[in-house]
Amino acid sequence: MREGYEGTGPGAITPDGCAVELYSRLPVRDEPDIITAAVPAGAHILELGCGVGRMTHPLLERGFTVTAVDESAEMLDRVRGARTVCGPIEDLELDETFDVVMLASFLVHAGDEEVRRGMLRTCVRHVAEGGCVLFQREGEEYHTDLPRERVDPSGFTTRILSAEPLGDGVDSVRAEYVFPDAIWTQTFRSRPLTKEQFEQALAEAGLRVDRYLTEDGIWVRAVRR
């Protein structure tokens, strides 16, 4: 396990506390539509932190080619139809570039700044000239409007229970996922970033925001500076 990360519940737990079986159950929402509208048709996408392929599979169905990266072999075992690469995002060095690099799942908010910098270097290293990088950011009040819960139409409940400050701008976030037949929890470290802090982090890596793709600012398209 990564320091400060923990997960409980049935099945395999990844180094960052994610439960493989839980992520296999989570529904796809509007993310594939947002991505499709922001990138060229048929683009080759490098998906960093793909998990079980919750977004990978809809993107493949839309005609994209996807190289899916995750540090969990158990997660990658659930991915179908994409080339897969197992290893930490921050250490990835493929001898190729991609039309689109995607860092979703709030990974840009990694509690360890060196891990975040490493992830951003990976994005820059692998995006083709004229390509773009897509980010998924945390929403406003993600760490302050707590506890909160969302009941999914499919019948499970997601709760963000707490965000306890650890110092140096990092919080320990605890989440709970309640299904009729099982409960999973995850504890992870996250660093809240204002819009200005997010854009500064990108600038330090050699990227700039091209445009915010959603009104809430959660999905962002960036390009090389």
Side-chain angles (χ1 to χ4, degrees), residues 16 28-51 54-56 58-60 62-71 82 85 87-143 169-170 188-225:
D16 59 355
V28 179
R29 297 196 174 93
D30 60 351
E31 299 99 334
D33 294 332
I34 294 169
I35 295 162
T36 299
V39 304
H44 191 170
I45 300 174
L46 177 64
E47 183 184 5
L48 302 174
C50 66
R54 189 176 64 87
M55 285 190 275
T56 315
L59 292 173
L60 290 169
R62 286 163 168 77
F64 296 104
T65 300
V66 181
T67 294
V69 178
D70 204 277
E71 67 178 345
V85 179
I89 295 168
E90 61 269 29
D91 297 335
L92 185 70
E93 292 197 30
L94 303 176
D95 189 22
E96 58 188 302
T97 58
F98 300 80
D99 305 314
V100 180
V101 178
M102 184 167 69
L103 188 69
S105 302
F106 312 137
L107 290 173
V108 73
H109 293 272
D112 186 326
E113 286 190 298
E114 284 307 310
V115 170
R116 183 192 70 206
R117 292 186 181 110
M119 289 181 175
L120 292 176
R121 285 194 295 268
T122 292
C123 292
V124 173
R125 187 161 53 241
H126 292 91
V127 67
E129 193 70 32
C132 66
V133 183
L134 302 184
F135 294 97
Q136 184 184 24
R137 302 170 58 224
E138 293 175 347
E140 289 187 18
E141 301 182 344
Y142 183 88
H143 292 248
V170 178
F188 57 95
R189 293 184 178 181
S190 179
R191 181 180 296 274
L193 298 171
T194 65
K195 179 180 176 181
E196 292 73 23
Q197 289 170 330
F198 167 72
E199 292 184 1
Q200 179 60 33
L202 265 57
E204 290 174 359
L207 295 168
R208 63 173 177 83
V209 171
D210 178 50
R211 59 190 169 102
Y212 287 85
L213 302 174
T214 53
E215 288 186 9
D216 56 16
I218 290 177
W219 280 92
V220 187
R221 174 185 159 114
V223 295
R224 290 177 181 271
R225 290 173 63 86

Of all pairs that satisfy salt bridge (charged side-chain N to carboxylate O under 4.0 Å, His left out), the ones with a partner from residues 94-103, not counting sequence neighbours: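 For residues 94-103, and leaving out neighbouring residues, the salt bridge (charged side-chain N to carboxylate O under 4.0 Å, His left out) pairs sorted by first residue read R83-E96.
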Salt bridge (charged side-chain N to carboxylate O under 4.0 Å, His left out) contacts touching residues 192-205 (sequence neighbours left out):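 Passing the test, one end in residues 192-205: no pairs.
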Backbone of R29 reached by a side-chain donor or acceptor of E31 within 3.5 Å: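 Yes, E31 side chain to R29 backbone: donor-acceptor pair under 3.5 Å.
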Nearest heavy-atom neighbours spanning C123 and L48: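 The pair with the smallest heavy-atom distance is SG-CD1, 3.9 Å.
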Taking the side chain as every heavy atom from C-beta outward, state whether [X] and [Y] have any pair of such atoms under 4.5 Å apart.
X	Y	answer
M55	V28	no
T214	D30	no
V124	R224	yes
R137	V220	yes
D216	E140	no
E71	I89	no

Separation of L107 CG from D16 CG (nearest 0.5 Å):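 Taking CG in D16 and CG in L107, the distance rounds to 7.5 Å.
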Positive for ring pair (Phe, Tyr, Trp, His ring centres under 6.0 Å) with F106, one of W219, F188, F198, Y142: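 With F106 as partner, W219, F188, F198, Y142 yield a single ring pair (Phe, Tyr, Trp, His ring centres under 6.0 Å), made by Y142.
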Candidate pair V69 and H126, rule side-chain contact (heavy atoms from CB on, under 4.5 Å), full reasoning: CA-CA 12 Å; V69 178; H126 292 91; over 6 Å; no
